[in-house]
Amino acid sequence: MFDIKLIREQPDRVREALRRRGDEGARVDAILTADAERRSALSELETRRNQRNAISKEIGRMKPDDPQREAKRLAALTINQQIDLLELKVNEVQTRLNELLAEMPNVPDADVPFGKDDSENVVVKTMGAPRQFDIEPAPHWDLGPALGILDFERGIKLAGSRFYVLSGAGARLQRAVIQWMLDVHLAQGYREMYLPFMVKEQVVFASGQLPKFRDNLYHDVERDAWMVPTAEVPLTSLHAGEILDGAQLPLNYVAYTPCFRKEALSAGKDVRGIKRGFQFDKVEMYKFCLPENSEAELETLRENAEEICRRLDIPYRVKVLCTGDIGFCARKTYDIEMWAPGCNEWLEVSSCSNVGDFQARRANVRFRREAGAKTEFVHTLNGSGLALPRTMIAIMENYQQKDGSIVVPQALQDYMKMDVIR
RNA sequence: GGAGAGGUCGCAUAGUCCGGUCUAGUGCGCGCGACUCGAAAUCGCGUGUGGGCGCAAGUCCACCGGGGGUUCAAAUCCCUCCCUCUCCGCCA
């Protein structure tokens, strides 16, 4: 949620930030208008309430048979009519203002490069050299079925297009990767969490997926239960409504969850393999930190995600997203992409974002620097560590051998209790 | 799913039957101060959140699980929803 005070006090700065995102910024004016209306109506309302409360108290102090009593009662009645009208007005304006604010994206950091879309994201580093293959490296959609570890037909039989089944060593490999990733992040200082995979609408709103991305979410209309599209959603609200102790920050969490997303199925794009589906697994890192530390924490978070790539010994690169591609909630985002020689593309395996106080405002997560100090909003950060299907793709394609077998990466051999999938 | 009991200012509780003196009492905790060489004990004062107006001091409004209603006035009365606990049933 956007800070109304920032818009009120520095509207030009906000307009400029929106412009960098490719938004014309007209809603800033709509917000300023609604805010002014709200405050003026609210002042009036509170004055009337004050008068009404005073009269009520007078009546309370009177004797039951006081001749003035009826006149006072009627005076209060008149004021109440005005209160009713003002309440309607305030509620209407407040609702309008909330809707406008709920759809305001975050302001990108000053060092985020300007750009119109994903073609203008900037590669900040590339690590590891692509392996040289004697043969043309096969894509995972050929490798997996050939080894009997990836079964598209049965996935489609069970759940339809875009679903698949991992079988035998394929299923074990994914479980090993999850376990290993969690262990790596534990060692980096994160606390492991097991979370609900279905959450309330308010929780989805708090992380910024609602109202804008309603169409991408699965939910049960009868129960107010929304399938999580990422562990970021429940983690954002883990401390919703709480006032944290500033001395205990940062709080670092890591959680494994499945993720459910209604993807737009466009023919010809990402249709093959397991790169994109309605259901996938992910290990997610999340931080609650002091405002002054969030920029540094983003670097740590990115580094913690990169460590997974390095320890798997898979080539990867890091991009900083430009203003035109950065997510709704984010101030700054790094994407990490692994090289997949079979599909011949860079796969986004992680997205690490500093969202500042954006989600903390929506979820109302605050802290105090010391006892008695004013409450402030925490800053939050989230980063995949990592997304499973694409990590699986990268492992399969980078570690394939001439005979179609797949070497288990060194880091995973103890977890898999095998060194080659054949 | 059935029956019952509850949700009050960090925690624990009072208040709810009989609406106004509740700007919610008390204890604990916490903060400041007094006493003390220091501490404990004791004593005094203070101690919620959000919002409006204001340079500020301050002041006003709202909040007793959520929403709605009755009333001049609601923690208190009415309706409704949610949650928690106990017992029973069912169940991986």
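Lettering follows sequence order; numbering is per chain, from 1.
Across all strands shown, Thr47(A) has no heavy atoms under 4.0 Å from either base or sugar-phosphate atoms.
Contact check, Arg366(A) against G50(B): a side-chain N or O comes under 4.0 Å of OP1 or OP2. Side-chain N/O atoms of Asn50(A) include one lying less than 4.0 angstrom from OP1 or OP2 on C61(B).
Separating the CE atom of Met62(A) from the P atom of U21(B) is a distance of 15 Å, rounded to the nearest angstrom. The separation between Ile83(A) atom CD1 and A62(B) atom P is 9 Å, rounded to whole Å. A straight line from CD of Gln51(A) to P of U59(B) spans 19 Å, rounded to a whole angstrom. With rounding to whole Å, Gln202(A) atom CD is found 16 Å from C83(B) atom P. Residue Glu376(A) contributes atom CD, which lies 13 Å from atom P of U49(B) at whole-angstrom precision. With rounding to whole Å, Glu58(A) atom CD is found 16 Å from U21(B) atom C1'. The distance from atom CD of Glu44(A) to atom P of C60(B) is 18 Å, rounded to the nearest whole Å.
The salt bridge (Lys or Arg N to Asp or Glu O under 4.0 Å) with Glu87(A) is formed by just one residue from the set Arg48(A), Arg52(A), Arg49(A); it is Arg49(A).
A 4.5 Å side-chain heavy-atom check between Ile421(A) and Leu147(A) finds at least one atom pair inside the cut-off.
C77(B) sits 12 Å from G7(B) when the P atoms are compared, rounded to a whole Å. G1(B) sits 33 Å from C63(B) when the P atoms are compared, rounded to a whole Å. Of the C1' atoms belonging to A3(B) and G51(B), the separation is 44 Å, rounded to the nearest Å. For G29(B) and C87(B), the P atoms lie 33 Å apart once the distance is rounded to whole Å.
For A40(B), there is no paired base (Watson-Crick or G-U wobble, both distances below 3.5 Å). With a 3.5 Å ceiling on both atom-pair distances, the Watson-Crick or G-U wobble partner of C28(B) is G10(B).
Atom CZ of Arg13(A) has 12 or fewer neighbouring heavy atoms from other residues, nucleotides or ligands inside a 6.0 Å radius.
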Mind listing the N/O atom pairs, protein and nucleotides 51-54 of chain B, below 3.5 Å?
residue	atom	partner	partner atom	Å
G51(B)	N2	Glu46(A)	OE1	3.1
G52(B)	OP1	Arg8(A)	NH2	3.4
G52(B)	O2'	Ser43(A)	OG	2.7
C53(B)	OP1	Arg39(A)	NH1	3.1

Tabulate protein N/O versus nucleotide N/O from nucleotides 70-73 of chain B, keeping only pairs under 3.5 Å, one per line.
residue	atom	partner	partner atom	Å
C72(B)	OP1	Arg73(A)	NH1	2.1
C72(B)	O3'	Asn80(A)	ND2	3.0
C72(B)	O2'	Ser56(A)	OG	3.0
A73(B)	OP1	Asn80(A)	ND2	3.0
A73(B)	O4'	Ser56(A)	OG	3.0

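Under the rule for a ring-ring contact (aromatic ring centres under 6.0 Å, His included), the partners of Tyr286(A) that lie at least two apart in sequence or sit in another chain are Phe288(A).
In this structure, CD on Glu232(A) lies 6.0 Å from CD on Glu284(A), to the nearest 0.5 angstrom.
Between Phe197(A) and Phe260(A), the distance separating the two ring centers is not shorter than 6.0 angstrom.
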